[in-house]
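Here is the structure we will look at, set down as structure tokens.
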Amino acid sequence: MKVVIVGGVAGGASAAARIRRLDEQAEIIVLERGRHVSFSNCSLPYYLGGAVENSDWLVMMGPDDFKYRHNIEVRTQSEVTKICRDRKEVVVRDLNRGTEYTESYDRLVLATGASPVVPKSIQGVDAGHVFTIRSVTDVCGAKDYIDSSGAQNIVVAGAGFVGVEVAENLRSAGKNVSIVEGADQVMAPFDYDMAQYLHKELTDKGIHLYLSSMVTAITAGAVTAVRNGKTVEIPADAVILSIGVAPETGLAVQAGLELGASRAIRVNHNYQTSDPDIYAVGDAVETFSRVGRAYGSFAQAGPAQRQARAAADHICGMYHNNKGYIATSCLRVFEQNAAVTGMNEKALKKAGIPYDAAFVLPFDKVSIMPDAHYMAFKLLFEVPTGRILGAQAIGRGDVVRRIDVIAALLTMNGTLDDLKEMELCYSPVYGTAKDVVNMAALVGLNILYGRVRQVRIEEVRGLVESGACIVDVREPEEFESGHLKNAVNVPLTQFRARMHEIPKDVPVYLHCRTGQRSYYALCELLGNGYRNVYNISGSFLGICSYEYYNDITDGREPIVTAYNFS
């Protein structure tokens with residue numbers, strides 16, 4: 001059997017290695033258009049900041065390594081320009097020699113990946129100081145230019161995973177960094193309320209954010225962007241485009257292979273295309289979301305490697321149970337860690353899935369530990385089933401472990417009840433006896449079963465501006481350090497004695513610092529005949545984080561007397 005694989009990196013290289021492990025006699029050829037066949041794509045931004053000191057460290061294996069270790073022939077600088085399905089051949093252009101030849105195959109694997117989006121509508125987008133970061137060659141070119149030219153002002157267009165990581169690393173290297181993003185938030189997988197924590201961290205670390213802004217032109221020393229109809233000029237000695245990626249489907253289209261609704265290559269459960277002798281894996285294919293029950297794409301190295309293994313197994317006579325993807329990711333933003341899994345609110349609304357959310361702000365470990373920090377944790381669940389649909393977490397502590405727990409439950413169609421009963425490791429230096437995820441499940445169950453009614457953070461400004469009855473149950477010294485402008489302070493320690501001060505004829509909205517004490521107060525009110533009472537999700541700490549960025553950038557009138565994030 002002769003297997004030809006188009007493309008390397010996570011998908012192609014993994015497929016080649018797996019086929020060799022299963023079939024020692026197979027002839028395996030990998031054709032890679034670039035100069036490197038196996039490299040750490042996700043580590044590229046960290047070369048810009050110096051965390052990865054040597055670009056050679058980015059390269060995992062070269063052609064000689066594949067030949068000597070696995071008897072796999074790798075040809076770099078070899079671009080496949082055409083698939084001849086009737087003859088089971090591909091046309092290959094040798095980019096070093098400028099010549100073409102054909103290569104036959106019994107099975108063909110397309111691991112063509114995705115290419116950076118470079119909008120031609122942006123004037124000057126092809127200038128020499130404009131870069132994309134998709135390969136080792138790309139990042140070396142960008143770093144060489146920045147270092148040799150002494151570029152100090154750098155604009156990053158796009159605030160997805162790569163854009164934010166590039167911005168963080170360049171800022172850590174002492175550069176003056178601006179992010180221009182067309183949406184009203186960074187990091188689209190996170191909901192708007194969660195993204196505010198990242199906005200604060202980025203601006204606190206000196207990065208200039210231009211949200212709801214579109215780059216229209218790039219000149220020798222500046223980027224022109226438009227926000228709300230107004231034009232702004234941003235100093236730019238170099239520009240990194242990170243606007244997004246599009247699946248590389250040119251070969252598939254030329255060969256007449258079927259594409260899916262997302263315009264990526266459609267594959268079956270064994271990653272066969274509409275031609276059973278041609279497989280496709282990685283960023284170029286359309287895959288199934290097990291949470292949203294719909295087809296889409298998720299461009300990450302982990303799923304690409306699993307897809308490659310599945311395709312290799314089928315090529316070698318083994319079958320695969322394709323359970324789809326759940327979309328789990330994480331990143332570091334300076335001192336904040338962020339992780340997400342499953343669907344967010346935007347996706348759930350688009351899919352028409354009924355849901356609700358539990359938002360908690362507990363300590364990530366026992367609070368008396370010296371490195372204990374608050375963690376913002378948001379859990380999304382289906383109504384009325386309680387099926388977990390997704391989660392997001394941001395904080396200085398171990399958010400990844402918590403999201404990994406939710407990811408595991410998502411693969412098993414877990415519910416709030418399942419999460420409530422999850423028995424997790426506990427030590428004061430690692431977590432709390434009732435972990436963050438357990439607490440979120442308990443809050444979610446209270447909401448699902450109607451034991452608690454809540455008000456979301458985005459509704460608080462309207463409550464303040466309308467003069468609603470808001471009761472702050474923190475202690476007086478906490479209240480004085482900053483509070484909602486029309487809130488009344490009735491500390492929890494005095495609450496039972498002063499309950500007569502709380503009106504019964506109007507809605508009452510309770511909050512504390514994180515929501516726990518106000519929940520206790522709400523239970524006291526419910527137990528004494530009050531019915532029209534609500535807990536403010538996220539409480540004062542969440543309100544400050546939600547309001548802070550827009551207040552300081554848009555000049556809005558603050559609804560708090562002073563921000564407090566400690």
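Everything numeric here is computed off the predicted structure, so don't read it as measured data.
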* **Lys/Arg-Asp/Glu bridge criterion (N-O < 4.0 Å) met for E459, R456** => no
* K434, NZ atom: more than 12 neighbouring heavy atoms under 6.0 Å -> no
* Might you confirm whether atom OH of Y325 has over 12 heavy atoms from other residues, nucleotides or ligands at distances under 6.0 Å? => yes
* Structure fact -> Closest heavy-atom pair, M439 versus P362, reported as atoms and distance to 0.1 Å, is SD-CB, 3.7 Å
* **Over all atoms of both residues, closest heavy-atom pair of A339 and F190** => O-CE2, 3.3 Å
* Going by distance alone, is a donor N or O of one side chain under 3.5 Å from an acceptor N or O of the other, for N532 and Y534? -> yes
* Under 6.0 Å from the NZ atom of K485, do we count more than 12 heavy atoms belonging to anything else shown? -> yes
* Keeping the roles fixed (side chain from S518, backbone from G515), state whether a donor-acceptor pair exists under 3.5 Å. => yes
* Pairwise distance CG(L380) to CG(D356) - rounded to 0.5 angstrom -> 9.0 Å
* Can you measure from CZ (R402) to CG (D435) and round to the nearest 0.5 angstrom? => 4.5 Å
* Inspect the contact between E286 and R263 and indicate whether a charged nitrogen and a carboxylate oxygen are less than 4.0 angstrom apart. => no
* Can you name the nearest heavy-atom pair linking A327 to F298, along with the distance? -> CA-CZ, 3.4 Å
* F334 atom CZ, over 12 foreign heavy atoms within 6.0 Å -> yes
* Got more than 12 heavy atoms from elsewhere within 6.0 Å of CD, E477? -> yes
* Crowded around K504 NZ? As in, over 12 foreign heavy atoms under 6.0 Å? -> yes
* Take the angle between the ring planes of H199 and Y549 and call it parallel below 30°, perpendicular above 60°, tilted in between. => tilted
* Measure the CD-CD1 distance between E168 and I207 for me, rounded to the nearest 0.5 Å. => 7.5 Å
* N-O pairing of E478 and R513 below 4.0 Å -> no
* Locate the shortest heavy-atom distance separating N489 from D472; write the atom from each residue and the value. => ND2-O, 2.9 Å
* For Y430, is the NZ or CZ atom of K365 found under 6.0 angstrom from the centre of its six-membered ring and inside 45 degrees of the ring axis? -> no
* Give a yes or no on whether the ring-centroid distance for F495 and Y520 is below 6.0 angstrom. => no
* Carboxylate-amine/guanidinium contact R401 D364, below 4.0 Å -> no
* Do R474's NZ or CZ and the ring of F540 fall within the cation-pi criteria of under 6.0 Å and 45°? -> yes
* Structure fact -> Closest non-hydrogen atoms of F377 and A393, given as atom of the first, atom of the second and distance, are CD1-CB, 3.7 Å
* Work out which heavy atom in I179 is nearest to a heavy atom in A159; give both atom names and the distance. => CG2-CB, 3.8 Å
* Could you check Y355 against E345 for side-chain hydrogen bond (donor to acceptor under 3.5 Å, both in side chains), going step by step and ending with a plain yes or no? => CA-CA 8 Å; Y355 74 94; E345 290 201 63; 2.4 Å; yes
* Asked: Does E201 come within less than 4.0 Å of R396, counting only side-chain N to carboxylate O?
  -> no
* Asked: So is K378 actually on top of F359's ring, under 6.0 Å and inside 45° of the axis?
  -> no
* **M369 atom CE, neighbour heavy-atom count above 12 within 6.0 Å** => yes
* Asked: Charged N to carboxylate O below 4.0 Å: is that the case for E165 and R332?
  -> no
* To do: On the 0 to 90° scale, with breaks at 30° and 60°, tag the Y192-Y546 ring pair as parallel, tilted or perpendicular.
  => perpendicular
* In Å, rounded to the nearest 0.5 Å, how long is the span from CE of M343 to CG of L410? -> 11.0 Å
* **Interatomic spacing from CG in N337 to CG in D398 - rounded to 0.5 Å** => 7.5 Å
